[in-house]
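As the structure is a computational prediction, the values presented were derived from the model and not from experiment. No hydrogens, no waters, no symmetry mates; every other heavy atom, side chains included, goes into these values.
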Amino acid sequence: MSREATVEHLLAEYGRTHAEEAGIRLRNTPAPLYQLLALCVLFSVRIKADIAVAAARELFSAGMRTPRAMAAAPWQDRVDALGRAHYRRYDESTATALGAGAELVLDRYRGDLRRLRDEADGDPGRVRELLREVPRIGPVGADIFCREAQGVWPELRPSFDRRARHAAAELGLPKTPEGLAHLVTADDVPRLAAALVRVELSKGAAADLRRSD
């Protein structure tokens, strides 16, 4: 399989971002940016991706789509929403973290994560540092946010984390973020990054792609 065919197959089969799966129409506006942050909080524990996405959908369906709504929601409502998605073991601590994170976004950024972006002043490393001040967000959560948000915050591009780069190397694609970004249009960079991570985490996916060669 040629490099171009490999990329086309990756985008077609694995190129759906977590934001898309969670029903987030990602734009550079306060509500979807906050929803992405909440999704990253949900991903920041050892839990299956489909359960984290389902938990985000339950929270959003219950009206917790903005930091103000999340902070105002009773803790038990957050726990119940997580429970409906079978987000077990971490439901109570995550409900607490979501509330505390919403309060931080309200207090520090007046509910608008574009102010976090302004504070970082175009520095992707600083964006990650500020994200990690949000309760429960660690390196993995910050990586996910940057990977997904690079489509609307171009200064984060190209964002391909260690897992994406490892999958790329296994498939014979460029090993650097810059090299990978050159394979697709700017709009498709987040999709390619998501696809590579999904292949890395999916048992046998890389081997299946190599066998197609």
Value for CZ (Arg162) from CD (Glu200), rounded to nearest 0.5 Å, stands at 7.5 Å

Q. So do Tyr109 and Leu104 actually touch side chain to side chain, heavy atoms under 4.5 Å?
A. yes

Can you tell me if Glu8 has over 12 outside heavy atoms packed within less than 6.0 Å of its CD?
no

Check your understanding: Are any non-hydrogen side-chain atoms of Leu171 and Leu196 less than 4.5 angstrom apart?
Key -> yes

In short, Gly63 meets Ala69 closest at the heavy-atom pair O-CB, 3.4 Å

What one should report as the nearest heavy-atom pair of Thr17 and Pro190 is CG2-O, 4.1 Å

For residues 178-195, the salt bridge (charged side-chain N to carboxylate O under 4.0 Å, His left out) pairs (sequence neighbours left out) are Asp188-Arg191

Just list the side-chain donor-acceptor pairs under 3.5 Å for residues 32-58, sequence neighbours left out, or say none.
unit_1 : atom_1 : unit_2 : atom_2 : d
Gln35  : NE2    : Arg65  : O      : 3.2
Ser44  : OG     : Cys40  : O      : 2.7
Arg57  : NE     : Glu21  : O      : 2.8
Arg57  : NH2    : Glu21  : O      : 2.9
Glu58  : OE1    : Arg84  : NE     : 3.0

Contacts of Glu155 meeting side-chain hydrogen bond (donor to acceptor under 3.5 Å, both in side chains) (sequence neighbours excluded), chain-then-number -> Arg117

Other residues, nucleotides, ligands: >12 heavy atoms within 6.0 Å of Arg115 CZ: yes

Correct closest heavy-atom pair for Leu106 and Ala71 would be CD1-CB, 3.9 Å

If you measure from the Lys or Arg side-chain nitrogens to the Asp or Glu carboxylate oxygens, is any gap between Arg198 and Glu13 under 4.0 Å?
no

Check your understanding: Under a 4.5 Å side-chain heavy-atom rule over Ile, Leu, Val, Met, Phe, Trp and Tyr, are Phe160 and Leu156 clustered together?
Key -> no

**Prompt:** Is the shortest side-chain N to carboxylate O distance from Asp112 to Arg110 below 4.0 Å?
**Reply:** no

Rounding to 0.5 Å, atoms CG (Leu183) and CG (Leu10) come to a distance of 9.5 Å

Taken in chain and number order and not counting sequence neighbours, the residues that satisfy side-chain contact (heavy atoms from CB on, under 4.5 Å) with Ser93 are Tyr90, Arg136

Cluster check Val184, Val152: I/L/V/M/F/W/Y, side chain < 4.5 angstrom: no

Across all chains, not counting sequence neighbours, the ring-ring contact (aromatic ring centres under 6.0 Å, His included) partners of Phe145 are Trp153

In this structure, CZ of Arg108 is separated from CG of Leu116 (nearest 0.5 Å) by 7.5 Å

Query raised in the report: Taking the side chain from Gln150 and the backbone from Pro158, do they hold a donor-acceptor pair closer than 3.5 Å?
Result: no

On a heavy-atom basis, the closest approach of Pro135 and Gly101 is CD-CA, 3.8 Å

query = With a 4.5 Å heavy-atom cut-off, do Met70 and Arg78 have their side chains touching?
reply = yes

Q.
Contact between Thr176 and Leu180 at the side-chain level, heavy atoms closer than 4.5 Å - yes or no?
A. no

Exercise. For residues His166 and Arg163, determine if any side-chain heavy atom of one lies less than 4.5 Å from a side-chain heavy atom of the other.
Key: no

Closest non-hydrogen contact found for Arg126 with Ala120 is CG-CA, 3.6 Å

Notebook entry, point to check: When hydrophobic residues are tied together by side-chain contacts of less than 4.5 Å, even through go-betweens, does Val140 share a cluster with Val134?
Noted result: yes

Check whether any side-chain heavy atom of Val127 sits under 4.5 Å from a side-chain heavy atom of Cys146, and report yes or no.
yes

Validation row: Gln76, Asp80 side chains within 4.5 angstrom (heavy atoms) = yes

request  = Report, as yes or no, whether the 6.0 Å neighbourhood of atom CZ on Arg3 holds more than 12 heavy atoms from other residues, nucleotides or ligands.
outcome  = yes

Residue pairs meeting salt bridge (charged side-chain N to carboxylate O under 4.0 Å, His left out), one or both in residues 142-151, sequence neighbours left out, come to Arg128-Asp143, Arg147-Asp161

Are any non-hydrogen side-chain atoms of Ile24 and Phe60 less than 4.5 angstrom apart?
yes

> Does CZ belonging to Arg88 count more than 12 external heavy atoms closer than 6.0 Å?
Replying inline: yes

Separation between CG (Leu131) and CG (Leu113), nearest 0.5 Å, reads 7.5 Å

Between Ala193 and Ser159, the two heavy atoms sitting closest are CB-O, 3.7 Å

